[in-house]
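Lettering of chains follows the sequences in order, A, B, ..., and the numbering in each one begins at 1. Please read these numbers as outputs of a predicted model, since none were measured by experiment.
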Amino acid sequence: MTNNAIFRTCPDTGLRFHGPAETLIKLNAVAAVVFLLVGGIMGIGVGLTRWPEVHLLGPQDFYTTLTSHGINVLIFWIIFFEIAALYFVSSVVLGCRLATPKLGYLAFLLMVIGALVNNYAVWSLSSAVMMTSYAPMPAHWAFYLGLILFAVGALIGCFIFLGTLVIAKKEKTYEGSIPLVTFGGLTACIIAIFTIASGAIILVPTLLWQLGYVSNIDAGVYRLIWWAFGHSSQQINVATHVTVWYMVGALVFGAKPLSEKVSRFAFVLYIAVLQIASAHHLLVDPGVGTEWKIFNTSYAMYLAVMASMVHGLTVPGSMEAAQRARGYTNGLFEWLRKAPWGNPVFSSTMISIVGFGFLGGISGVMMGAEQLNLIVHNTLYVPGHFHATVVLGTTLAFMGITYWLVPVLFRRELILTSWCKWQPYIFGLGMTGVSVFMMGAGTLGLPRRHWDAAFTSSSFPYEFPSSAMALMSLNGLSVVLAAIGGGMFCLIIVGTLLFGKKVGQEEKFPRVMVATPPTEAQYVTLHRSGNAISGTLLLAGVFLIAFVVYYFINWKYLAETWGMS
Amino acid sequence: MNENDQEEEKIPIMQQLIDNPFLLLFIGIAIPTVTYIIWGIVEIVSIPIAN
């Protein structure tokens, strides 16, 4: 072990923080929140323009704002936070030094420069090509350069994570297998390496094309490989937020996974097949055949879906088991009623689990079926779906763990504690509305990626059902609510960093930061009762029924598209 | 062969797989590269060029 002077032991958690690792976690987490703020403000512009009665921005500003919104929140906020999470679940959870901290600073610098260059290109160099930036639609070369620099920085971060695992094993800071949350981090890291490599494969030639060194970029190949980058980047999110779910279960309830083997195997399924679900973006693409589409979505993707359902069962199941072991055994849901709903770490996580499963998961499987995809492809249904997965699922989970991380890392008390209690509900409700109403409008045919989705100013107008317009108005209201919740989060976190009451390095917070796990004897008594997770099983049954009903409703809807007589 | 060696031999294959991050990395890169990227590119370049 290297110099112990650069380690500190947290008095609240008992975790050992390596100095450079702690600094890098802070830097990446703060950068993440800054880009969330920027991207969130852009999101307000997008939402208010899609609100028919408001229609805030003109076409040029709308596409610029939409591009900025997509890249800042889907890439920069998320990946900065994920790098912070990777450093935490490796160096801090394993209690070892971070590998090559100097490279970590270089990685962070590259990511910041890349993000700034990309934002500059979007706003000042006419690169409103949206996040997908489909070639041959050209952006300024700085747009691609910014993304490449950011990706290189993130890739270095991934290898630092792997290096830290090697150090921990060599220095024997853990016994047996790595902890489950570190294994979840490893899953995210592997998916990130595939994602970033795919991005490099397609963005480097596109940069050279814009610089005049390459004559042509094949549009079909661009779409294929870009989605290996664009969608897989969202799969990094899934692996990371599931990791956060497990972590919150342990922190808030002292819960242990129902079966580590099953949870680890579900992560292995993610590693093997989650990335290829990117194919569902190309289900109407004429360049690839049916066999390719069906294998990569309707077969392989279902293995990843099964893995998500395993996590969706085991995380709340482990919370229930811990609560029941403590004596909350009355009825099916006393464990849930007595859960700490005023603790934003827990409430954010629970809303994340429900929103990701019921809204994002079910709609994602529906869209992943080649035939059903025809109903909603390139409609507002798609952003509705991914606001459920990436915002309700990932962002809310990250917000939740931030409420725990900020006091532990920065040794400051959270400010505006009553706001902290309400923020997850306001943001969650707003974003649920955004997801549901956009999915509804998309089902009625409203296109995505269009400034004037209703074609009211088109030479060839198309009359959408008036209910579609009503849904977009409700979406606008939901955007405002979500923006209030997002603004509250940024204010609480930035305010805490600046004005939160300082707590000394040796001093403890006045509340419990890590719950004491139930004893083995309590678990034994629980298992003898034969009623360890009955509430969760009932909720899982409700989920499966909702899944099946929604799936078949869409087949019925598809069947009615073309009348047969 | 001592007792420790015998214990090491008992580690199941799945456990060995799960405990080897670089093997998992290979799996996580190889499967999507073959089934998504390479297969997809083969399909696209197989499209006949219009005359």
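The contact between B:Ile29 and chain A is made by backbone and side chain atoms together, counting heavy-atom distances below 4.5 Å. Contact annotation for A:Leu224: both backbone and side-chain heavy atoms come within less than 4.5 Å of a heavy atom of chain B. Interface residue A:Leu165: only side-chain heavy atoms are found under 4.5 Å from chain B. For A:Leu282, the part sitting under 4.5 Å from any heavy atom of chain B is the side chain, from C-beta outward, and nothing else. Looking at A:Val268, the atoms closer than 4.5 Å to chain B (heavy atoms on both sides) all sit in the side chain, from C-beta outward. At a 4.5 Å heavy-atom cutoff, A:Ser232 makes no contact with chain B through either its backbone or its side chain. B:Thr33 touches chain A through backbone and side chain together, each having a heavy atom under 4.5 Å away.
Only one option out of B:Ile44, B:Ile47, B:Ile41 pairs with A:Val288 in a side-chain contact (heavy atoms from CB on, under 4.5 Å); it is B:Ile44.
B:Pro32 and A:Gln275 make their closest contact through CG-NE2, 3.8 Å (heavy atoms, listed as atom of the first residue, atom of the second, distance). Nearest heavy-atom pair across A:Ile276 and B:Tyr36 is CG2-CB, 3.8 Å. The minimum heavy-atom distance between B:Pro21 and A:Leu162, with the atom names listed, is CB-CD2, 4.4 Å. Taking each heavy atom of A:Glu291 and B:Trp39 in turn, the nearest pair found is O-CH2, 3.6 Å.
Interatomic distance, B:Leu24 CG to A:Tyr270 OH, rounded to the nearest 0.5 Å: 15.5 Å. A distance of 4.0 Å separates OG in A:Ser198 from CD1 in B:Ile37, rounded to the nearest 0.5 Å.
Taking B:Ile27, B:Ile31, B:Asp19, B:Thr35 one by one and counting their heavy-atom pairs under 4.5 Å with chain A, the maximum is reached by B:Thr35. Most heavy-atom pairs under 4.5 Å with chain B: of the set A:Asp218, A:Thr187, A:Val221, this distinction falls to A:Val221. Contact tally against chain B (heavy-atom pairs below 4.5 Å) for A:Pro286, A:Cys189, A:Ala228: the top residue is A:Ala228.
The number of heavy atoms from other shown groups lying within 6.0 Å of OH (A:Tyr174) is above 12. Environment of CZ in B:Phe26: sparse, with no more than 12 heavy atoms of neighbouring residues, nucleotides or ligands closer than 6.0 Å.
Using a 4.5 Å heavy-atom threshold, the side chains of A:Val166 and B:Phe22 count as touching.
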